[in-house]
Amino acid sequence: MRSTHDESNSRKPTARQTPEPAEAKPARSPNASPETADRIRTAAISEFAIHGFTKSTIRSIASAAGGSPGLGLPHFGSKEGLRTACDNHVFDAIAEAKAANAEYATRVMQMIFDDPSMAMNIDYLMKSLLDPSEHGQRYFEHYINLVEDYIAHGFAGYTFRQSEDPRGQAATLATLALAPSMLEHRLQTSLGTNTTAETMTRLAPHLFDLYLNGVLEAIPDGVVPDSAIPDDAAPDSTIPDDAAPDPTKPSGGDQP
């Protein structure tokens with residue numbers, strides 16, 4: 001018969017059986033926080049806008065964000081993934097800024113450029129549009145889609161004339177809206193402006209007038225345009241009604 005002492009001893013765990021103390025769960029790495037992802041994306045937008053997409057590297061972006069070379073990869077997977085995240089952010093930021101500032105009409109671009117982050121987004125936009133990769137095409141398609149939605153549903157209280165070819169209409173308006181960004185340096189030289197903000201502020205009233213009133217004026221029937229009058233013609237010269245030939249008579253008038 002086993003003794004109580006033996007039973008109690010048999011229940012004592014051996015050194016191998018003694019459970020080890022539970023390890024404390026490691027605190028979440030600061031590199032995994034949403035705030036870090038935002039910081040990386042902001043740094044990437046700036047690097048891409050300044051240096052272009054090819055010359056910007058994960059290392060340079062991470063350095064600008066204040067982290068190690070691999071800082072961005074856990075969040076975005078790759079440089080392409082990071083750029084897609086930047087694209088999506090800039091898409092939404094520019095569309096929201098235009099809608100929020102629509103009440104300023106011709107001053108809308110100045111209001112947008114007053115925000116340094118939005119100015120950076122515009123620079124990013126320009127780099128993207130001029131980039132031959134699929135990202136640049138994706139941005140352009142996104143912009144056309146946005147304009148097509150404006151045409152269908154209106155924007156800032158305005159409605160658009162409807163076309164039988166809404167996609168073509170949207171592409172035309174998108175091209176007109178994006179051209180100043182793509183021709184930034186040419187316009188600065190021509191207009192004597194120094195920044196994209198100055199250029200857009202100069203162009204905004206004319207673009208607004210073009211959108212609202214059109215660019216061509218119909219010529220009323222019977223009115224001869226000034227361009228059709230010879231330079232040496234008398235200022236008040238007109239063709240009297242009785243001088244016009246009568247088309248019903250072979251001779252063109254009362255002459256035999």
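Numbers here are sequence positions counted from 1. Quick caveat: nothing in here was measured; it's all calculated off a predicted structure.
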**Message:** Could you measure the distance from the CD atom of Q169 to the CD atom of E164? Nearest 0.5 Å is fine.
**Reply:** 11.0 Å
**Message:** Counting C-beta onward and ignoring hydrogens, is there a side-chain heavy-atom pair between L191 and E198 closer than 4.5 Å?
**Reply:** no
**Message:** Distance check, rounded to the nearest 0.5 Å: L125 atom CG versus D87 atom CG?
**Reply:** 10.0 Å
**Item:** Any E184 side-chain heavy atom under 4.5 Å of T199 side chain
**Value:** no
**Asked** Atom OG in S78, atom CD1 in I58: separation rounded to 0.5 Å?
**Response** 7.5 Å
**Request:** Give the ring-plane orientation class for Y124 versus F53, where under 30° counts as parallel, over 60° as perpendicular and anything between as tilted.
**Result:** perpendicular
**Asked** How far does NZ of K79 sit from CZ of F48, to the nearest 0.5 angstrom?
**Response** 5.5 Å
**Message:** Would you say that H135 contacts E80 through its side chain, given a criterion of any heavy-atom pair below 4.5 Å between the two side chains?
**Reply:** yes
**Prompt:** Are more than 12 heavy atoms from other residues, nucleotides or ligands located less than 6.0 Å from atom CZ of R202?
**Reply:** no
**Prompt:** Is there side-chain contact between H51 and T57, with heavy atoms separated by less than 4.5 Å?
**Reply:** no
**Request:** Give the minimum heavy-atom separation between I151 and R161, together with the two atoms involved.
**Result:** CG2-O, 4.4 Å
**Other residues, nucleotides, ligands: >12 heavy atoms within 6.0 Å of E134 CD** = no
**Message:** I want to check something: taking the side chain as every heavy atom from C-beta on, are S128 and R83 in contact at a cut-off of under 4.5 Å?
**Reply:** yes
**Message:** Less than 4.5 Å apart, side chain to side chain, heavy atoms only: is that true for R39 and T42?
**Reply:** no
**Asked** Rounded to the nearest 0.5 Å, what separation is found between the CE atom of M200 and the OG atom of S181?
**Response** 6.0 Å
Could you list the donor-acceptor pairs under 3.5 angstrom formed between side-chain atoms of residues 139-146 and any protein atom two or more places apart in sequence or on another chain?
from	atom 1	to	atom 2	distance (Å)
E141	OE1	R167	NH2	2.7
E141	OE2	Q137	NE2	2.7
Y143	OH	K98	NZ	2.3
N145	OD1	R167	NH1	2.6
N145	OD1	R167	NH2	3.4
N145	ND2	E141	O	3.2

**Message:** Are F155 and F160 packed together at the side-chain level, in the sense that at least one heavy-atom pair is separated by less than 4.5 angstrom?
**Reply:** yes
